[in-house]
Amino acid sequence: MRFDTKLVHEGQRTRPGAGDVVPPIHVSVTFDQFAQDPARYYYARGESPTREDLEACLAALEDVRFAAVFSSGQAAASAVLSLLEPGSRVIASDDVYGGTYALFELCRRRGVDVRQVDLSDVDAAAAALSGEVDLVWVETPTNPLMKIADIAAISAAAHRAGAVVVVDNTFASPALQQPLAAGADVSLHSTTKFIAGHSDVLGGALVLDDPALHRRLVDHRTVVGGVPGALDCYLVHRGLKTLSLRVARQVANARAVVEVLTASPFVGAVHYPGLPGHPQFELAARQMSAPGSMVGFEYLGDVRELLRRMELFAPAVSLGGVRSLIEVPASMSHRPVPAEVRARAGIADNLVRLSFGIEDPVDLVEDLSAAMAAAPHVERIGAR
Ligand SMILES: *Cc1c(COP(=O)(O)O)cnc(C)c1O
């Protein structure tokens, strides 16, 4: 089966004789031990049919054997980081999701050595991976600057250093980027974003092919209890079926608005891997099937006023849903990151991040153009 067919057909176990075209939602948290032969389900913190259906689909989408889903992306990330002992060495992207940074801080407090470097810089990545390393954490495209790291090159170097490679694939989704095929060991998703796609359910997933690592992660999940409920798994799986259709429209919308942003006198730098001027434009074209639908740009006026004037883009964090969103990382998504760390990573206070939904591109262009032009301070900037 090809990718778009898998979206619809994988993990669709129906009840024999019922004629369902959609699998039933198994809400039971405990299972009759004598009614099953062989007994497979015991207690839903450990195993649950509806969760397994979603996992079967997610694993198939990246052509591997295993996926483990969690109650949120953070729970998935924290399961991976729980594998680390005090003294373990981690090399991670410098420009990561704010919540990931907060998890790194927890690791540092328990004696894990987490070094953040610019993994889009080939020389910096090679230098960081020249010693012994236990875990490499790659986020690509990065959040919010849309830097691209070379997954294949980093995975090869990381494996020489003895490390496990995790790629946070949330921004690209499996529709646009396949980290495991490029050599990474674990593909991590906040399924809250593109995978579920409707901003109405939290979830996380780890997708991988190593049975021993899968066992450790699932055992950890069972003990700690960060499992999603059956109804949440159903919602994620329902949303997932339209991933390719949504992502195609989201990318088209991003491209339409980027064209307007690059021509606007009210806009400074525009961060989008689909722009020929982007520092990793060619790598993005090689590694991703499209440049995605997340865009960062520096607004030369009052960012709060801009957000207030938007009609269609909701001023809200998160991403990947059917409705377009606008946010200011320095004061919203990246507030947990200390100001000096943000400054070092290049996240300016006037950096605005857009997440594109599936609305008509003309309406989105009009909304953003009108909001930028209507703000009174903009005329001053235009005139100087
Ligand atoms: C949202 C997000 C997470 C965390 O996921 P939650 O589902 O919010 O816990 C991790 N990484 C990236 C890139 C994200 O955007």
Side-chain angles (χ1 to χ4, degrees), residues 54 58 67-82 90 92-107 114 116 119-120 135 137-149 151 166-177 179 184 186-207 221 224-229 232-233 235-237 239-240 243 247 250 271 273 288 292-296 316-321 325-329 332-337 345 347 351 353-357:
L54 171 61
L58 290 170
V69 295
F70 291 81
S71 53
S72 67
Q74 287 299 93
S78 116
V80 173
L81 295 173
S82 77
V90 180
S93 305
D94 60 343
D95 176 21
V96 289
Y97 178 68
T100 306
Y101 180 83
L103 283 174
F104 289 162
E105 284 295 285
L106 292 181
C107 287
V114 185
Q116 292 184 256
L119 293 179
S120 70
L135 184 78
W137 190 285
V138 184
E139 195 175 311
T140 183
T142 65
N143 178 12
L145 293 172
M146 313 304 148
K147 292 191 288 193
I148 309 289
I151 297 170
V166 179
V167 174
D168 186 333
N169 202 20
T170 300
F171 266 39
S173 91
L176 301 184
Q177 179 168 277
V186 180
S187 177
L188 180 149
H189 303 278
S190 165
T191 59
T192 311
K193 315 294 168 55
F194 289 97
I195 286 182
H198 294 72
S199 304
D200 57 3
V201 58
L202 286 169
L206 301 172
V207 182
R221 182 184 67 178
V224 173
V227 288
D232 283 359
C233 289
L235 277 177
V236 173
H237 204 161
L240 181 55
L243 178 71
V247 165
Q250 287 166 315
H271 306 283
M288 303 171 73
S293 55
M294 297 301 298
V295 176
V317 296
S318 196
L319 56 123
L325 305 174
I326 184 167
E327 69 116 3
V328 179
M332 295 171 70
S333 61
H334 286 59
R335 208 173 32 193
V337 181
I347 303 167
L351 181 73
R353 191 187 78 182
L354 301 174
S355 166
F356 285 90

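Any value given below was found using the heavy atoms of this structure, including those in side chains, with hydrogens, waters and symmetry copies removed. When a ligand or atom number is given, it counts from 1 through the structure's own listing order.
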- Item | Residue pair Gln177 / Phe171, side-chain heavy-atom distance below 4.5 Å | no

- Quick one, list the residues around ligand 1 where some non-hydrogen atom comes in under 4.0 Å, by chain and residue number. Ser72, Gly73, Gln74, Tyr97, Glu139, Asp168, Thr170, Phe171, Ser190, Thr192, Lys193, Gly203, Leu319

- Mark yes or no for whether Thr191, through its side chain, and Ala205, through its backbone, hold a donor-acceptor pair below 3.5 Å. no

- Item | Backbone N/O of Met332 and side chain of Glu327: donor-acceptor pair under 3.5 Å | no

- Query: Taking C-beta and beyond as the side chain, do Phe194 and His189 meet within less than 4.5 Å on heavy atoms?
  - Reply: no

- Message: Are the side chains of Thr140 and Pro179 in contact, using a 4.5 Å heavy-atom criterion?
- Response: no

- Message: Can you give me the closest heavy-atom contact between Leu58 and Val207, atom names plus distance?
- Response: O-CG1, 3.9 Å

